[in-house]
Amino acid sequence: MKAMLLRGPKQPFELVQMPDPTPGPGEAVARVITCGSGLTIQHVKAGRRKTTFPRVIGHEITGEIVALGPGVAGLRVGDAVTAYFYLICGHCRFCLSGLEPLCTAEGGNVGIECDGGYAEYIKLPAHIFIRFPDALDWKAHPAEAGVITDALATPLKVLRRADIKAGETVAVIGAGGGLGLHQVMMAHWANTRVIAVDVAADKHDACRKAGADAVVDPSRDDMVTALRDLTLGDGVDVVVDYVCTTATLEAGAKALGRRGRLVVLGGAAQPFQAAARHMLQYEQAILGSRYVTRADVLAACDLVARGEVRPLVSEIRPLEEAETVHERIERGAVTGRAALRIG
Ligand SMILES: [Zn+2]
C-alpha cells in the first residue's frame, strides 16, 4: 500500500510502499478514504509529542472495513467507520463505565503509538473502530465525517463535562484554532453567548462566522478586563482553554463569575495559580476534559446527520500533498481542519 511515512521528528513525509496490513486476532483493517490533518498530529511531526519512528500518523479517518481477524464480532466487511483516538483496553472499570479516556491500560494513541490513517489501509484493534450511524451521509462528505471523531466530538464533550446550559456565557481561549473554532460552533449550537479569544486577528472573522457573539484579542486588550466588561462585571460562566499557558489559565480563572467553570484541555498544559478564596467564595470549579467517550463520537455523528452542525474542513488535498498541508498547519494558516484524500 501507499503510505506517507515519517522517519523521525522534524523530518519531511516520505511517500513509500508498505505491505498491506493483515488483521490478527481481534483486529480489523479498513481502507482509508480521507484523514483529517490537525495540530495534534503536527505535534508528532514537529517532535513536540514524542513517539517511536518510523510512523504513519493520522487518526481522523473515514474508512471502510475490508478485512476482519479471527474473533472479531460486531463489525462487518463493508462497514463505514471512523476511529477512536485512544488505544483503550475496552475492559477496565473506566472503559466499562463509558469513561474510556480514563482507561487504566491505555496504550497511547492511533497514529502515534501505532500506525494511523495517512495510508491506503489502517489496521487497529477492532473495538477502536467506530461504525458511522446509518443516517450520516459520509459518502457525500467523507472528510467532514472523518474529523467528527476529534474536531467535533471534543467540543461536544466539553459542553457535557462543564454542564454548559443555554443562556450561559462561554469564553473560548484559542478560538481560532482547529478545535477552538469547533468549540465556538458547538457552544453557539448550545444556545450560549460565545466570546472568542484569540491573538490571531486573521481568524477573528472565522470565529464570528462560527457563531462568536464577541471577539477578544489578548494581544491588544487585557483578557480579564475585556471578559469582565463584556459581562458587565459579572465574569463568564465557562472558560474553555485550548491554549493552557500559565498566562491564559490564570487569566481564565480570574475572568470566571459565580459558579464559573474553567475547562482545561491540552495545549501547553503549563502549571498555574488560582485563588482558592475565589473558588470557595464564588463556588468556582476547575475541570480537566480529556478527549471524548465513544458515545460522544456517536452523539457528534448524530448531530451532523441531523444537520445541526457541520465540521469545518476548509481544505482537502491528496495524500501526496501532506507536507504542504502540515507546513500550513504549523504556520496556523488553516482555518478549521484540513484533510487528506486517500482512497
Ligand atoms: Zn480500559
Side-chain angles (χ1 to χ4, degrees), residues 21-30 32 35-36 38 40-41 43-44 49-52 55-63 65 67-76 79-117 121-133 145-163 179 242 244 263-267 269 285-302:
T22 51
E27 294 177 333
V29 171
V32 182
C35 187
T40 305
I41 61 174
H43 287 324
V44 179
R49 165 70 154 86
K50 304 284 179 243
T51 189
T52 54
R55 183 62 66 221
V56 176
I57 62 172
H59 65 282
E60 292 179 321
I61 61 159
T62 286
I65 297 292
L68 300 172
V72 173
L75 271 182
R76 281 180 298 197
D79 280 347
V81 291
T82 189
Y84 189 72
F85 184 32
Y86 286 17
L87 293 164
I88 50 169
C89 78
H91 300 284
C92 73
R93 188 153 61 90
F94 293 93
C95 282
L96 294 174
S97 306
L99 296 168
E100 298 97 321
L102 303 180
C103 174
T104 54
E106 177 224 302
N109 300 116
V110 172
I112 303 179
E113 273 70 33
C114 72
D115 282 342
Y121 296 98
I122 181 171
K123 178 177 80 170
L124 294 172
H127 68 280
I128 301 299
F129 286 111
I130 297 175
R131 194 169 43 223
F132 283 131
V147 306
I148 293 172
T149 188
D150 191 347
L152 205 62
T154 298
L156 175 63
K157 152 76 179 291
V158 168
L159 298 183
R160 294 170 161 193
R161 177 85 177 103
D163 193 20
L179 281 169
Y242 281 97
C244 287
V263 186
V264 176
L265 291 103
I286 300 169
L287 302 166
S289 188
R290 192 176 188 205
Y291 187 44
V292 305
T293 68
R294 285 178 288 187
D296 292 325
V297 175
L298 286 178
C301 287
D302 285 339

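It should be emphasised that the depicted structure is a prediction, and the values quoted were computed from it without experimental measurement. Whatever order the structure lists ligands and atoms in, that order sets their numbers, starting from 1.
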| Do you know which two heavy atoms are closest between Val263 and Ser289, and how far apart they sit? | CG1-CB, 3.7 Å
| note | Row for the Zn ion (ligand 1): angle SG (Cys92) to SG (Cys95), 10° precision, value 110°
| task | Can you label the angle between the Tyr291 ring and the Phe85 ring as parallel, tilted or perpendicular, going by 30° and 60°? | result | perpendicular
| task | Give a yes/no answer: is there an N/O/S atom of His91 under 2.8 Å from the Zn ion (ligand 1)? | result | no
| For residues Asn109 and His59, is any side-chain donor paired with an opposing acceptor at under 3.5 Å? | no
| How many degrees, to 10°, between Cys103 SG and Cys89 SG as seen from the Zn ion (ligand 1)? | 100°
| message | Looking at Arg76, is its backbone amide N or carbonyl O close enough to the side chain of Arg131 to form a donor-acceptor pair, meaning the two atoms are under 3.5 Å apart? | response | no
